[in-house]
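Following: one structure in structure tokens, then a few remarks.
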Amino acid sequence: MELKLYDTLTREKRAFRPLDPARVRMYVCGPTVYDFAHIGNARPVIVFDVLFRLLRHRYGAGHVTYVRNITDVDDKINARAAEEYPSLPLNEAIRIVTEKTERQFHDDVDALGCLRPTVEPRATEHVDEMKALIEKLVAAGHAYVAEGHVLFSVPSMPDYGRLSNRSLEEMEAGARVEVAPYKKDAKDFVLWKPSKPGEPAWPSPCGIAAPGRPGWHIECSAMSWKHLGEMFDIHGGGIDLVFPHHENEIAQSRCSFHTPVMANFWMHNGFLQVEGEKMSKSLGNFFTIRELLADWPGEVLRFNMLRTHYRQPIDWTLNGVAESFNTLEALTADPGFASSKVEAIAPSVLEALSDDLNTPKAIAELHALHGKGDMAALNTTLRALGFSQRPQSRRRVDAQKVSALIDARLAARKAKNFKEADRLRDELHAMGIELEDKRDGTTAWKVKA
RNA sequence: GGCCACGUGGCGGAGUGGUUACGCAACGGUCUGCAAAACCGUGUACCCCGGUUCAAUUCCGGGCGUGGCCUCCA
């Protein structure tokens with residue numbers, strides 16, 4: 001069956017046909033590395049990992065190129081570096097912050113069962129490409145130099161705004177920010193700006209004497225160009241990036257290369273709330289991936305994320321995660337799951353995923369395989385979806401104490417002192433220990449989620 | 001204010017113009033000293049108001065609610 005994907009640009013679900021089936025190309029906006037990634041950041045990483053796996057399955061692992069950038073030049077990074085390492089030169093502090101954060105990010109998403117992208121380009125290693133694009137845009141009349149800045153001229157692109165479905169006139173009316181005096185038009189955005197002393201700086205393009213640094217959007221145009229070409233198949237990210245980030249990427253890339261589209265499919269994952277409220281530090285419901293991994297296995301977090309379709313809003317709740325633990329534990333109970341490393345996607349699951357990544361449906365199909373007793377298909381499909389191990393509770397227990405209590409309970413049972421036996425079981429239960437009396441007279445136990 | 005999503009049983013969530021989604025939880029049963037696990041069984045829900053229709057949760061219009069973007073943000 002064919003793969004159908006929803007395209008934000010055309011607002012329709014349609015058949016996916018790669019420009020070149022021998023090289024399917026996907027770009028996803030990656031993290032700005034200045035702090036631990038939060039659970040909202042995890043959503044696109046997991047969602048597009050599933051898509052990456054699906055594309056590899058359909059076109060062959062060697063025929064899919066997945067690029068996810070690392071933004072390592074940004075005001076927030078500078079601020080964090082200055083704050084954490086005030087005694088170091090800023091550039092050195094920045095390097096420490098970005099490298100450390102990148103490692104943390106990798107550790108976190110590895111634990112979530114995500115494959116590494118084919119390429120993870122860093123913005124600071126693509127400044128030459130950014131400058132080349134900026135030069136092209138100026139030469140083509142789509143950008144201009146003003147007071148050491150280079151600005152993209154939004155009115156120079158008649159169909160600017162198609163992705164976010166807003167017309168130039170509408171944006172005119174909605175302008176709320178104070179307009180910098182050097183801008184020809186309020187909507188124009190920065191491609192290059194001067195660096196303040198001490199800030200990261202590179203020789204400027206377009207004959208600007210003072211050193212500068214790139215604007216926010218140009219890096220993605222540059223890195224996708226370098227690694228995927230002038231046009232490619234899929235561009236993904238969070239729905240909040242539609243405007244202005246992706247809109248501006250499109251403007252930069254299309255006006256540089258005179259292409260009808262930048263990517264054939266624009267995919268955006270929905271937002272995440274926590275316990276029914278917007279996640280924010282002030283509400284105290286802000287969770288980093290790292291914090292959640294302390295309490296829950298990564299595969300449980302992954303499963304919980306995939307229970308909701310990627311375009312739907314997701315309400316991240318403690319109850320939901322606990323339910324995911326139980327469900328995933330049941331689905332991975334077959335001993336064959338742990339022993340086999342074979343990956344394969346069962347036809348029913350493939351069909352669900354091929355319908356715009358319908359992961360809730362796919363999970364229902366996993367339950368159907370489980371119900372039918374088709375454990376081989378279930379196990380290999382789970383692995384293909386990135387679930388590599390059965391969830392283990394993160395509760396810490398004193399195993400010696402547990403076995404002592406269990407021995408005492410077995411003794412009490414033998415003596416038919418059932419009141420004492422039940423009391424001991426309750427005590428263990430309070431510690432999060434679930435008992436299972438086997439037929440052979442022994443007692444197995446496990447730690448609850 | 002403009003633009004855009006979403007609103008299904010206790011919870012998650014698929015899907016459909018007329019037939020049981022599925023899962024979790026709960027409840028009943030088998031099993032057990034009692035439990036747990038496992039297995040069997042039990043749930044007729046689709047925000048509101050109009051319209052179209054023989055028939056709407058499903059299509060159309062309006063309303064209400066929630067969230068997102070318009071400024072850094074997945």
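Chain A is the first sequence line, chain B the second, and so forth, proteins listed ahead of strands; every chain is numbered from 1.
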>> Would you say the base of G67(B) stacks on Phe271(A) (centre-to-centre below 5.5 Å, plane angle below 30°)?
In response: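 Base of G67(B): not stacked against Phe271(A).
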
> Using the rule for Phe, Tyr, His and the six-membered ring of Trp, do Phe418(A) and G33(B) stack at under 5.5 Å and under 30°?
Replying inline: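 By the stated criterion, Phe418(A) and G33(B) stack.
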
Side-chain-base donor-acceptor pair under 3.5 Å for [X] and [N]:
| X | N | result |
| --- | --- | --- |
| Asn319(A) | G12(B) | no |
| Glu323(A) | G23(B) | yes |
| Arg166(A) | C70(B) | no |

Can [X] and [Y] be counted as having a side-chain donor-acceptor contact under 3.5 angstrom?
| X | Y | answer |
| --- | --- | --- |
| Glu277(A) | Asn285(A) | no |
| Arg307(A) | Thr327(A) | no |
| Thr442(A) | Asp440(A) | yes |
| Asn78(A) | Tyr34(A) | no |

Distance in angstrom units between [X] [atom1] and [N] [atom2], rounded:
| X | N | atom1 | atom2 | result |
| --- | --- | --- | --- | --- |
| Asn269(A) | A5(B) | CG | C1' | 13 Å |
| Glu329(A) | A36(B) | CD | C1' | 13 Å |
| Leu410(A) | G33(B) | CG | C1' | 13 Å |
| Ile289(A) | A74(B) | CD1 | C1' | 10 Å |
| Lys448(A) | A36(B) | NZ | P | 12 Å |
| Phe243(A) | C72(B) | CZ | P | 9 Å |
| Arg68(A) | A74(B) | CZ | C1' | 12 Å |
| Leu51(A) | A74(B) | CG | P | 20 Å |

>> If you assign Arg307(A) and Asn326(A) each to the RNA chain B nucleotide with the nearest heavy atom, which residue ends up on the more 5' nucleotide?
In response: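 Counting from the 5' end, the first nearest nucleotide belongs to Arg307(A).
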
> Hey, which of these two, Asp315(A) or Lys438(A), hits RNA chain B nearer its 5' end, going by closest nucleotide?
Replying inline: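 Residue closer to the 5' terminus by nearest nucleotide: Asp315(A).
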
Identify whether any heavy atom of [X] sits under 4.0 Å from a base atom; if not, whether one sits that close to sugar-phosphate; answer base, sugar-phosphate or nothing.
| X | result |
| --- | --- |
| Leu272(A) | base |
| Lys76(A) | sugar-phosphate |
| Thr308(A) | sugar-phosphate |
| Gly40(A) | base |
| Gln273(A) | sugar-phosphate |
| Leu241(A) | sugar-phosphate |
| Gln312(A) | sugar-phosphate |

Distance between the [atom1] atoms of [N] and [M], in whole angstroms?
| N | M | atom1 | answer |
| --- | --- | --- | --- |
| G67(B) | C47(B) | C1' | 16 Å |
| C22(B) | A37(B) | C1' | 22 Å |
| G1(B) | U58(B) | C1' | 33 Å |
| G61(B) | U53(B) | C1' | 16 Å |
| C46(B) | U32(B) | P | 43 Å |
| G65(B) | A26(B) | P | 35 Å |
| G68(B) | A74(B) | C1' | 12 Å |
| C60(B) | U52(B) | P | 16 Å |

If you check the [X] side chain, which of [options] turns out closest?
| X | options | value |
| --- | --- | --- |
| His38(A) | C22(B), C24(B), A74(B) | A74(B) |
| Asn358(A) | C69(B), G15(B), C34(B) | G15(B) |
| Asp240(A) | A37(B), C69(B), C34(B) | C69(B) |
| His367(A) | G23(B), G68(B), A14(B) | G23(B) |
| Pro244(A) | A36(B), C70(B), G68(B) | C70(B) |
| Thr327(A) | C34(B), G15(B), C24(B) | C24(B) |
| Ala364(A) | A14(B), C24(B), A21(B) | A21(B) |
| Asn41(A) | A74(B), G15(B), C4(B) | A74(B) |

Does [X] count as lying over the ring of [Y], i.e. NZ or CZ under 6.0 Å from the six-ring centre, within 45 degrees of the axis?
| X | Y | answer |
| --- | --- | --- |
| Arg302(A) | Phe387(A) | yes |
| Arg56(A) | Phe52(A) | yes |
| Arg43(A) | Tyr310(A) | no |
| Lys184(A) | Tyr144(A) | yes |

>> Can you tell me how the ring of His235(A) sits relative to the ring of Tyr27(A), calling it parallel under 30°, perpendicular over 60° and tilted otherwise?
In response: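 Rings of His235(A) and Tyr27(A): tilted, as their planes differ by 30° to 60°.
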
>> Between Phe243(A) and Leu163(A), is the side-chain contact (heavy atoms from CB on, under 4.5 Å) condition met? List the steps.
In response: CA-CA 8 Å; Phe243(A) 189 89; Leu163(A) 183 73; over 6 Å; no

> Looking only at side-chain N and O atoms, does Lys278(A) come under 4.0 Å of OP1 or OP2 in G68(B)?
Replying inline: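 So the side-chain polar atoms of Lys278(A) do come within 4.0 Å of the phosphate oxygens OP1 or OP2 of G68(B), strictly under.
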
>> Measuring to OP1 and OP2 of C4(B), would you say a side-chain N or O of Asn165(A) lies under 4.0 angstrom away?
In response: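 Asn165(A) to C4(B) OP1/OP2: side-chain N or O found under 4.0 Å.
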
Provide a list of protein-nucleic acid N or O atom pairs under 3.5 angstrom, restricted to nucleotides 27-32 of chain B.
| residue | atom | partner | partner atom | Å |
| --- | --- | --- | --- | --- |
| C31(B) | O2' | Arg439(A) | NH2 | 3.4 |

> Just the dot-bracket of RNA chain B, please: which string comes out with Watson-Crick or G-U pairs under 3.5 Å, [ ] for crossing, | for another strand?
Replying inline: (((((((..(((.....[...))).(((((.......)))))....(((((..]....))))))))))))....

> Between Lys446(A) and Glu329(A), is there a side-chain N and carboxylate O pair less than 4.0 Å apart?
Replying inline: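 Looking at Glu329(A) together with Lys446(A), the answer is yes, because their closest N to O distance falls below 4.0 Å.
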
>> One thing to verify: whether Glu247(A) and Arg166(A) come together as a salt bridge, which I'm taking to mean a side-chain N less than 4.0 angstrom from a carboxylate O.
In response: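 A salt bridge is absent here (no side-chain N lies under 4.0 Å from a carboxylate O).
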
> Could you walk me through whether Asp437(A) and Arg409(A) pass the salt bridge (charged side-chain N to carboxylate O under 4.0 Å, His left out) check?
Replying inline: CA-CA 11 Å; Asp437(A) 293 332; Arg409(A) 175 169 171 273; 2.8 Å; yes

